[in-house]
Engineer: 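Can you keep this structure in mind? I'll have questions shortly.
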Number of protein chains: 2
Amino acid sequence: MNKPATIKDIAKQLNISVSTVSRAMRNAPDVNNDTKKAVMALAEELNYQPNRLALSLRQKQTHTIGVIVPNLDYVLSMMVRGIDEVALEAGYTVMVCQSNESFGREIVNTRRLLESLVDGFIISVSSETKSFEHFKKIQERDIPMIVFDRTTPHLTAPTVHLDNEEGGFMATEHLLEQGYKRIAILAGPKNLGISNSRMDGYMNALKKYKIKPDPALMIHCDFNQDYAFFATEELLAMKKRPDAIFTISDRMGIGASLAIKKKGLTMPDDIALVSFNNEPIVSLVTPGISSVEMPSFEMGKAAAKLFIETMHHPEDMSGVERIFKPKLFIRESSQKSLAKKL
Amino acid sequence: MNKPATIKDIAKQLNISVSTVSRAMRNAPDVNNDTKKAVMALAEELNYQPNRLALSLRQKQTHTIGVIVPNLDYVLSMMVRGIDEVALEAGYTVMVCQSNESFGREIVNTRRLLESLVDGFIISVSSETKSFEHFKKIQERDIPMIVFDRTTPHLTAPTVHLDNEEGGFMATEHLLEQGYKRIAILAGPKNLGISNSRMDGYMNALKKYKIKPDPALMIHCDFNQDYAFFATEELLAMKKRPDAIFTISDRMGIGASLAIKKKGLTMPDDIALVSFNNEPIVSLVTPGISSVEMPSFEMGKAAAKLFIETMHHPEDMSGVERIFKPKLFIRESSQKSLAKKL
DNA sequence: TTAGGTTCCGAAAACGTTACCGGTAACGCT
DNA sequence: AGCGTTACCGGTAACGTTTTCGGAACCTAA
């Protein structure tokens, strides 16, 4: 009914020009104090809200960051909170879109946000994504873009991610130190960078301990609990079954642990388990599952900071990488001494 | 560097007017097929992306829904996914802002989105919120607003929520049926509607079974795991301690279970536990925790549908309520027979 | 008095798009 | 020949804001 008040309404009522009102609102120096007060007062009274669309159209920037994530699981929602935190601080609004791990949705989201809705992007690529044309379109337009968490070599952009290789290495070395020899790995889809890096770490650790990797113990499966469950069942059905499993995510770790329990085996005696992410859940199940932690919140903050930096100095930020270090939390699922204490 | 192409560029290059280009892009009927093709082709070539800001400014609508949630925990992120789902389908983009359970952040977020960035709101109020002026400002401007999950009587708007009273009743009655008599409740802050409703259900169940509620067993504490832990410790330290606890969320349930374990008590024999939300985690801990489930995803979808309905028929939708029914999942923490089987 | 500086304000263009109103040309019909 | 339709297309205002330029009014100082 009652149209929202505009700068024009205020101008008319006060018998001054819109430019003056505009200046007064922004507290510009060249406007009389009395007029300023009058404008402010009337704005308050009319419940005036500036129209950001007009502003953005005018100055060709929206002060909005488009964040595209594959999901809002524990880790990513932590990261988003981090992004939110510093973005708000810096005067940006964030627009979160989840692609649901779907390539198609990712494209749609990108296209939408690209319609002048955002000043730039902070993205984490979906596990389904194999082609990166939609992201390259962003770069062709010289629009800032940060890739975080799920990074990829196919995109040259400032990135924030974990040292996943190190994480994979730590997890595997820990198992080796505990004396496990046949260590299986449950990895994600082959095109998923974080999965591959973690697997590289796994390989490195095996190499260091002079153990020949066994392809039969290296499983690629979908990035979720159910697939991990089935994959683990198969692993456990092998004639020479593994004595330890490293899963690339906690969800998968949970799936694996369920399969282990179902088979009637116990951790860590019959088989050990280490997973990744260190979500709260892994400390609550019995036995507690060892897991590699990533500083999600901090990484989110770093991504946003990097974004803002890029906004200010777009010149060759493209190589910048912020790499965070993982931390291994050892629990009963992988340490015999700990388990015996119980 | 290379400015994004506009409708004007296309017009100039094709020697036609902007209006024609505009019509061609929208596939309007009154434009020659050849020109249409030419426009489309050139648009493709120039990598033209329409400018939604201009469009929105012109037609005074943004096709964006502002979603304000207190956090992105399991339940709410499920709901957001539901909202996303139907919103995208209906041609809307959603803008998710988390208030982090902070009143101040909620206000800031509302103000930002109110600056003509969204066509309307779907909100779930923060647990800290006691005043609702910022939300009423939305309504004063005749902007559609749906309240979901965390609803409140202070706001008259179309709502989507769980039958929380029923949920509280189910949980409590289940405990009573199992023979528990001194049932404590761990509730949230006193101003939190869902908490109060669940507590009402609790009261109703006690009444039905002719048990006099004991104020000493009704604890209000912060909506998280740690506070629940401490509150439970106090409960267990009572001379006449409760023989069952109903917690109003799974996080709190986890906190309670940890306190119970620490004290050396076992569930369900020494004490029973039922919580709320039925997050995956409650089925994974030992003993499994009984919990009341809400159809989060469906509720999110319903909220978005209701929003779209409201957009189309704003007239007196204000009374509409979509109430979903909870479902109790019984696990070892509260059913003696189940526990004995293990 | 006049020159020069301040202080305050207004007019108008611009951002990219759509919507409204109109116009022209070609065609067919009487 | 004259008229009405039809099929296309163009000009322009408008959306709400900022920005640039300029100018009026006043003050100060020589």
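All chains are named by letter (A, B, ...) in the order of the sequence lines, taking the proteins before the strands, and each is independently numbered beginning at 1.
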Engineer: Quick one: A:Q61 CD to D:dT17 P, roughly how many Å, whole number?
Structural biologist: 17 Å
Engineer: Just the rounded figure in Å: distance from P of D:dC8 to CG of B:D34.
Structural biologist: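 Interatomic distance, CG of B:D34 to P of D:dC8: 10 Å.
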Engineer: Between A:N15 and B:N51, which is nearer to the 5' end of DNA chain C once each is assigned its nearest nucleotide?
Structural biologist: A:N15
Engineer: For the residue pair A:F132 and A:H154, categorise the inter-ring angle as parallel (less than 30°), tilted (30 to 60°) or perpendicular (more than 60°).
Structural biologist: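 Geometry flag for A:H154 against A:F132: parallel rings.
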Engineer: When you measure from the side chain of A:D30, which nucleotide among C:dC8, D:dT17, C:dG10 comes out closest?
Structural biologist: C:dC8
Engineer: Look at B:R26 and C:dT17 and indicate whether a side-chain polar atom (N or O) is within less than 4.0 Å of OP1 or OP2.
Structural biologist: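 So the side-chain polar atoms of B:R26 never come under 4.0 Å of the phosphate oxygens OP1 or OP2 of C:dT17.
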Engineer: D:dC9, OP1 or OP2 - any side-chain N/O from B:T20 closer than 4.0 Å?
Structural biologist: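 Result: no.
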Engineer: Hey, does B:I16 reach any base, or is it just sugar-phosphate, or nothing, if we go heavy atoms under 4.0 Å?
Structural biologist: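 Sugar-phosphate: the residue B:I16, judged by heavy atoms under 4.0 Å, touches backbone atoms but no base.
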Engineer: Could you please name the option among D:dT12, D:dC9, C:dG16 that lies closest to any side-chain atom of B:L57?
Structural biologist: C:dG16
Engineer: Check the pair A:K305, A:E85 against salt bridge (charged side-chain N to carboxylate O under 4.0 Å, His left out), reporting the backbone distance first and the verdict last.
Structural biologist: CA-CA 10 Å; A:K305 277 180 196 157; A:E85 186 95 359; over 6 Å; no
Engineer: Under 3.5 Å, side chain of A:E115 to main-chain N/O of B:N51, donor-acceptor pair present?
Structural biologist: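 Flag not set: sc A:E115 to bb B:N51 has no pair under 3.5 Å.
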Engineer: Start at the 5' end of DNA chain D and walk down; is the nucleotide closest to B:V31 or to A:I7 reached first?
Structural biologist: B:V31
Engineer: Any side-chain N or O of B:Q59 under 4.0 Å from OP1/OP2 of C:dA19?
Structural biologist: yes
Engineer: Select one nucleotide: of C:dG10, C:dG16, D:dC9, the one nearest the side-chain heavy atoms of B:T35.
Structural biologist: D:dC9
Engineer: B:N109 side chain to B:R105 main-chain N or O, any donor-acceptor pair under 3.5 Å?
Structural biologist: yes
Engineer: On DNA chain D, compare the nucleotides closest to B:K60 and B:N32; which residue's is nearer the 5' end?
Structural biologist: B:N32
Engineer: Is a donor-acceptor pair below 3.5 Å formed from side chain A:S19 to base C:dA11, judging by atom type as modelled?
Structural biologist: yes
Engineer: Ignoring hydrogens and angles, are the base of D:dG10 and the side chain of B:R23 linked by a donor-acceptor pair under 3.5 Å?
Structural biologist: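 For B:R23, whose side chain was compared with the base of D:dG10, there is a donor-acceptor pair (under 3.5 Å).
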